[in-house]
There are 2 protein chains.
Amino acid sequence: MATDHRPLTLRDVSEASGVSEMTVSRVLRNRGDVSEATRERVLEAAKALGYVPNKIAGALASQRVNLVAVIIPSLRNMVFPEVMAGISHELEETELQPVVGVTDYLPEKEEKVLYEMLSWRPSGVIIAGLEHSDASRAMLKASGIPVVEIMDTDGTPVDCAVGISHRRAGREMARAIVKAGYENIGFMGTKMPLDHRARKRFEGFTEQLAKSGIEVMDQEFYSGGSALAKGREMTAAMLERTPELDFLYYSNDMIGAGGLLHLLDKGISVPRQVGLAGFNGVELLDGLPRRLATMDACRTEIGRRAARIIATRVAEPEAPVEPVIELSPKIDFGDTLRRR
Amino acid sequence: MATDHRPLTLRDVSEASGVSEMTVSRVLRNRGDVSEATRERVLEAAKALGYVPNKIAGALASQRVNLVAVIIPSLRNMVFPEVMAGISHELEETELQPVVGVTDYLPEKEEKVLYEMLSWRPSGVIIAGLEHSDASRAMLKASGIPVVEIMDTDGTPVDCAVGISHRRAGREMARAIVKAGYENIGFMGTKMPLDHRARKRFEGFTEQLAKSGIEVMDQEFYSGGSALAKGREMTAAMLERTPELDFLYYSNDMIGAGGLLHLLDKGISVPRQVGLAGFNGVELLDGLPRRLATMDACRTEIGRRAARIIATRVAEPEAPVEPVIELSPKIDFGDTLRRR
DNA sequence: TTGAAAGCGCTAACAT
DNA sequence: ATGTTAGCGCTTTCAA
């Protein structure tokens, strides 16, 4: 029955086991040579007392913090939990632990979160995107720890980057759509001046279309609300407004799925009459009546690679670094984009 | 151009500004009386150097860590990011910061994560569920910090709890279904012996049905894969096997939505011929052709309340504590459960 | 309003 | 195989 609530210290375990603090410390960290006998006594004492080591003190003394700061825009977009899964998985075999910070796509908040996380002196940083405030870039540079910028490779990383080229992704989708013979193309996406990756996809998309002399015929941007519902509404409105459209490109799979449901409702033939494509490869949607054409953003793989880079650099600080790793997502034609 | 990478310390700022470390510390924490002149000089020096305080050292010295450990089973189930959103939102007005740990529904992993987090000496713990290993409960008790168990109120908390009664939720849904005149009822859910809340809902559900002399006519449990697709498949299989079913109760909205899509595909009249209900109130699904009947799990509110309890207890350790706060979710009939 | 000294709980480095 | 000593970078406390 604990009544006093001073948390236990190494000293308590030391006294309970009749062994020096130093030896207790060694046992608890499996370090150095300790006889099996002492080892057991210490472990027993620690367990009996319910001792939980104080990492704060440990970190200060050892100048090592086995945390990896992971800074992402949001947890509500499934993309990021999936990246997290990749990171966690990869770090599981190491001493390192991920700690998440969320920026809500706001540069000021990113700056604040980054500052908070760096003040814990983590062993590395994994941060989404290549666009950061000058202050943020400065902090990252000055931190002196490995920094991996993820998701995007269109730009110059502070240290190194793992991701895909969203410009290229947009271009490739445009190429496939044109090749399939579609000509009257509409675009729908989030109204997010700060979602640079969506912006880059759109830029690549329009650029490539321009090469075939095609211009996006109608476009609409939304914010807030349920993506599925928004996709439905926007699609209905756009087809009403511009009935000659024969292809709709969506900046994410959820709104694309909403659009798909609308078209099926209306009895519009997909992909003959109207083709559709989204972006991400959201497994979530596998049960829909048709599989939406999409492009995998390689989320888990990106997380894995980024974590591996940090782990390697922590283990061997002098290991050579590849500044940019660009993964190559493939188009998944699904059932909503004609092949040919 | 920084070449040496010893991180900056208070001493560096002290030297750069010609003020004692102590005063620098006071400025950086807005503590005590510091003349406006020194204040500015210090701030300037800190900014020029790019100094980021070392929270490890600060926490050790002050015996205070402004972190709240949040321990949840998964990030891939949207329920938990939503709880997180509630927590973050509520903590935003305080000094406290949430730190997430994920257990994958495994008690051993929960134990490990809890141990890791407690070793950082957080100011409080928010942990999902009331079922924990003896070791975990012991750690929580011994920690001497406020602990809020969330999501569930069917059981006895270590310290205090905020959530809903899943037994009651199951009972209420059963009552509504019976009242609506359905009699041949099937159940589909996750094969998760460790998802205690889903289990409790199912128990409450069958109990209540029993009171009307009804027994669940068919049931199936799945694991893995895309929930939407699974819901579709399981529903198809179950109706094939037990065609006389007139109601399907799903343990979550995603599989319920899959089931709904299947029924609509087959041209089965919903909710006349077959009624459906899920659980959670997933906004995600708002764009479906019909709104699935469901029950809100009060996720954001739970997060908010839990965070508020921790914040209050941190500010006034002697504040009175209500051991269990039970929220009351209401049935949302949507378009798939007859009212009457 | 400012500074000096002591120490938070642990670990690195060096004895023994 | 085990112990001793000195600090990690801050904040608390007390003195000026």
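Chain A is the first sequence line, chain B the second, and so forth, proteins listed ahead of strands; every chain is numbered from 1. Below, each value reflects all heavy atoms present in this structure, side chains not excepted, and no hydrogens, waters or symmetry copies.
Between dC8(D), dC10(C), dT11(C), one nucleotide has an atom nearer to the side chain of N54(A) than all others, and that is dC10(C). Nearest nucleotide to the side chain of M22(A), out of dC10(D), dT12(D), dG3(D): dG3(D). Closest contact between the side chain of L60(A) and the listed nucleotides dA4(C), dC8(D), dG3(D) involves dC8(D).
As a whole-Å value, the separation of L28(B) CG from dG9(D) C1' is 13 Å.
Between the side chains of H132(B) and E111(B), not a single donor N or O lies within less than 3.5 Å of an accepting N or O. Of the N and O atoms on the side chains of R29(B) and S25(B), at least one donor lies less than 3.5 Å from an acceptor on the other residue. T300(B) and E82(B) are not linked by any side-chain donor-acceptor pair at a separation below 3.5 angstrom, with hydrogens and angles left out of the test.
Between dT1(C) and T38(B), no contact under 4.0 Å exists linking OP1 or OP2 to a side-chain N or O.
When each of A59(B) and V19(A) is assigned the nucleotide of DNA chain D bearing its nearest heavy atom, the one mapping closer to the 5' terminus is V19(A). With DNA chain C read from its 5' end, the first of the two nearest nucleotides for R39(B) and R11(A) is the one closest to R39(B). The residue among S25(A) and E21(B) whose nearest nucleotide of DNA chain C lies closer to the 5′ end is E21(B).
The base of dG9(D) has none of its N or O atoms less than 3.5 Å from a complementary donor or acceptor on the side chain of R121(A).
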